[in-house]
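Lettering follows sequence order; numbering is per chain, from 1. The analysis underlying the following values was restricted to heavy atoms, covering all of them including side chains, and did not include hydrogens, waters or symmetry mates.
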Amino acid sequence: MIGLLVAWFEENQRDLPWRRTYDPYHVWISEVMLQQTQVETVLPYYERFLKEFPSLEALAKADEHTVMGLWAGLGYYRRAKHLMAAAREMVEQHGGRVPSDYDSLIALPGVGQYMAGAVLSIAFNKPYPVVDGNVRRVLPRLFGWADENPKALWEAAERLAQSAEPRLVNQALMELGATVCSFRSPRCLVCPLQGECVAYKTGMQDSIPPVKKRPAAVHVRLCSIVQGTDGRYLMKCTDGLWEFPMFAELPAGSFNEVGSCRHTITHHRISVTVYEGSLAQQYGYTWKEFDTVPVSSLTRKIRNCARS
DNA sequence: AATGCGGGGGA
DNA sequence: TCCCCAGCATT
């Protein structure tokens with residue numbers, strides 16, 4: 001079974017930039033960017049990031065502004081903070097290298113059980129399991145497990161990783177989930193594990209894993225004040241990202257409505273009405289050149305709807 | 001065990 | 001529109 005899976009992976013894997021090397025630094029950066037983020041989204045960010053910070057030492061010396069600028073738009077900005085802190089920790093406590101033992105890895109900021117297993121298996125070819133969104137779908141289908149059971153899942157993944165090439169087995173499981181054993185409409189007819197798959201034999205592909213119920217989205221209304229002269233805007237920096245003034249209610253001042261936009265963050269649906277004008281108070285905002293500061297996708301949307 | 005965290009993609 | 005995606009930290 002492992003043989004079929006690995007053979008399929010070696011023949012069918014996508015050509016991805018982080019697969020051109022097993023350099024632990026490259027593996028680590030790619031795994032952080034790929035958290036809850038699809039491969040296609042990550043590609044341009046990964047290339048730009050490694051061009052700017054080709055080594056762990058370079059990243060450890062980087063200033064927050066540059067790192068956030070490269071991360072801007074990718075989301076989950078805490079990842080970038082943890083990345084900087086972890087890089088410095090690796091330089092100070094691990095001789096400037098990504099550690100190759102589980103305890104050191106899991107102690108780093110932003111590294112959990114998945115990441116530790118991914119770095120150990122992919123970079124160092126050690127037999128540690130990975131359980132990501134793909135594996136949580138592939139293995140339950142393969143074994144016909146209709147109920148969620150994280151412990152059984154990690155144990156099964158651990159058994160599979162006990163092979164000659166853990167890095168190939170783990171990547172193959174994830175690649176299969178990403179390209180064949182997809183959440184909706186899995187392509188069982190081209191699956192290398194079709195003959196072994198309990199879900200396929202019993203027609204359970206669509207009921208494994210069970211769909212998770214999520215809380216309904218909360219609607220939020222906000223006003224944003226955009227004052228632009230010569231490309232300069234009133235903004236402030238929060239957690240390394242620059243934002244326009246945002247209010248629940250229109251504050252004192254004189255404004256013209258210039259547009260509106262919508263944005264979804266986790267389960268919040270934000271509707272923003274955008275105004276131009278002048279605030280009666282500055283509320284700690286300062287004049288910044290928009291194109292020189294890191295901004296989230298929401299802030300970029302607001303600027304764009306104000307200009308059109 | 002549940003929740004917050006961005007943003008984008010597919011059906 | 002709903003749900004997911006190479007998760008982690010906090011409560």
Side-chain angles (χ1 to χ4, degrees), chain A residues 9 13-14 16-19 26-46 68 71-83 85-86 105-123 128-139 148-151 153-154 157 161 167-179 181-187 206 208-220 238-241 243 261-270 294-301:
Chain A
F9 178 66
Q13 64 173 301
R14 292 168 289 179
L16 301 174
W18 45 88
R19 289 182 176 161
H26 292 234
V27 171
W28 171 54
I29 298 295
S30 69
E31 291 300 338
V32 175
M33 288 191 170
L34 285 163
Q35 286 172 24
Q36 297 293 285
T37 310
Q38 295 185 343
V39 164
E40 291 299 319
T41 306
V42 166
L43 287 174
Y45 288 89
Y46 178 83
M68 294 310 290
W71 210 272
L74 192 55
Y76 284 121
Y77 298 100
R78 274 191 311 208
R79 292 183 295 179
K81 306 248 175 217
H82 290 147
L83 201 67
L105 280 168
I106 201 87
L108 293 168
V111 176
Q113 190 176 2
Y114 166 81
M115 274 272 295
V119 170
L120 289 168
S121 62
I122 298 173
Y128 285 81
V130 292
V131 174
D132 72 333
N134 294 304
V135 177
R136 273 194 293 274
R137 188 171 57 252
V138 171
L139 294 187
E148 289 193 72
N149 185 339
K151 188 165 178 288
L153 207 44
W154 278 98
R167 62 160 55 112
L168 295 182
V169 174
N170 284 351
Q171 291 188 91
L173 281 172
M174 295 191 280
E175 186 77 350
L176 189 71
T179 63
C181 195
S182 48
F183 177 72
R184 271 182 269 256
S185 314
R187 296 152 57 189
D206 295 326
I208 302 176
V211 176
K212 288 194 173 181
K213 273 295 173 191
R214 282 180 175 67
V218 176
H219 292 257
V220 179
T238 303
D239 292 330
L241 294 177
E243 315 171 331
C261 59
R262 295 167 182 279
H263 193 71
T264 303
I265 295 176
T266 309
H267 66 282
H268 292 279
R269 305 174 63 85
I270 306 170
V295 297
S296 70
S297 294
L298 172 57
T299 301
R300 191 168 293 282
K301 271 186 196 174

Undergrad: Return no unless some side-chain N or O of A:H263 is found under 4.0 Å from OP1 or OP2 of B:dG7.
TA: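 For A:H263, the contact criterion (side-chain N or O under 4.0 Å from OP1 or OP2 of B:dG7) is met.
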Undergrad: Would you say a side-chain N or O of A:H267 is under 4.0 Å from OP1 or OP2 of B:dG4?
TA: yes
Undergrad: Using a heavy-atom cut-off of under 4.0 Å over every strand shown, decide if A:S296 touches base, sugar-phosphate, or nothing.
TA: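 Sugar-phosphate only.
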Undergrad: Taking only the P atom of each, what is the distance from C:dA9 to B:dG8 in whole angstrom?
TA: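 Going atom to atom, P in each nucleotide, I get 24 Å.
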Undergrad: For the pair made of CZ in A:R300 and P in B:dG6, what is the distance, rounded to whole Å?
TA: 16 Å
Undergrad: Between P on B:dG7 and CG on A:L298, what's the gap in Å once rounded to a whole number?
TA: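 Answer to the nearest Å: 7 Å.
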Undergrad: Can you find a pair of side-chain heavy atoms, one from A:K81 and one from A:D239, that are under 4.5 Å apart?
TA: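 They are in contact (side-chain heavy atoms under 4.5 Å apart), so the answer is yes.
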Undergrad: If I take atom OH in residue A:Y45 and atom P in nucleotide B:dG7, what distance separates them, rounded to the nearest angstrom?
TA: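 Rounded to the whole Å, the gap is 9 Å.
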Undergrad: Output the rounded distance in Å from CD1 (A:I106) to P (C:dC8).
TA: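 Result: 7 Å.
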Undergrad: Heavy-atom distance under 4.5 Å between the side chains of A:P209 and A:E148, does that happen here?
TA: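 No - every pair of side-chain heavy atoms lies 4.5 Å or more apart.
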Undergrad: Between B:dG10 and C:dA6, how far apart are the two P atoms, rounded to whole Å?
TA: 12 Å
Undergrad: Any chance you could encode DNA chain B as dot-bracket? Rule is Watson-Crick or G-U wobble with both distances under 3.5 Å; [ ] for pairs crossing earlier ones, | for another strand.
TA: |||||.|||||
Undergrad: Can you tell me if A:E31 and A:Y114 form a side-chain donor-acceptor pair at under 3.5 Å?
TA: yes
Undergrad: Any side-chain heavy atom of A:R79 sitting closer than 4.5 Å to one from A:Q36?
TA: no
Undergrad: A:M33 has an atom CE; how far is it from atom C1' of C:dC8, in whole Å?
TA: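 It is 17 Å, rounded to the nearest whole Å.
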Undergrad: Between A:R167 and A:N170, do the side chains contain an N or O donor and an N or O acceptor separated by less than 3.5 Å?
TA: no
Undergrad: Taking the side chain as every heavy atom from C-beta outward, state whether A:K301 and A:H263 have any atom pair closer than 4.5 Å.
TA: yes
Undergrad: For a 4.5 angstrom cut-off between non-hydrogen side-chain atoms, does A:Y46 reach A:L16?
TA: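 In short, these two side chains do not touch, never coming nearer than 4.5 Å.
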Undergrad: Would you say A:I29 and A:Y45 make side-chain contact, with heavy atoms under 4.5 Å?
TA: no
Undergrad: Are the side chains of A:M115 and A:L105 in touch, meaning some heavy atoms are under 4.5 Å apart?
TA: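 No. Closest side-chain heavy atoms not under 4.5 Å.
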Undergrad: Specify the separation, in whole Å, of atom CH2 of A:W71 and atom P of B:dC5.
TA: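 Value for this atom pair: 18 Å.
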Undergrad: Taking only side-chain nitrogens and oxygens of A:T266, does any of them come within less than 4.0 Å of OP1 or OP2 of B:dG4?
TA: no
Undergrad: Under 4.0 Å, counting only non-hydrogen atoms across every strand here, what does A:V111 touch: a base, just sugar-phosphate, or nothing?
TA: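 Since only primed, P, OP1 and OP2 atoms lie under 4.0 Å of A:V111, the category is sugar-phosphate.
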Undergrad: Taking NZ from A:K81 and P from C:dC8, how many angstroms apart are they, rounded to a whole number?
TA: 19 Å
Undergrad: Applying a 4.0 Å non-hydrogen cut-off, can you work out what A:P109 is touching in the nucleic acid: base, sugar-phosphate, or nothing?
TA: sugar-phosphate
Undergrad: For A:G73 and A:S185, take the nucleotide of DNA chain B holding the closest heavy atom to each; which residue's nucleotide lies nearer the 5' end?
TA: A:G73
Undergrad: Quick one: A:Y77 OH to B:dC5 P, roughly how many Å, whole number?
TA: 13 Å
Undergrad: Base, backbone or nothing for each nucleotide of nucleotides 2-7 of chain C, written B, S, -, heavy atoms under 4.0 angstrom, 5' to 3'?
TA: -BSBBB
Undergrad: Rounded to the nearest 0.5 Å, how far apart are CG of A:N134 and CG of A:L173?
TA: 9.0 Å
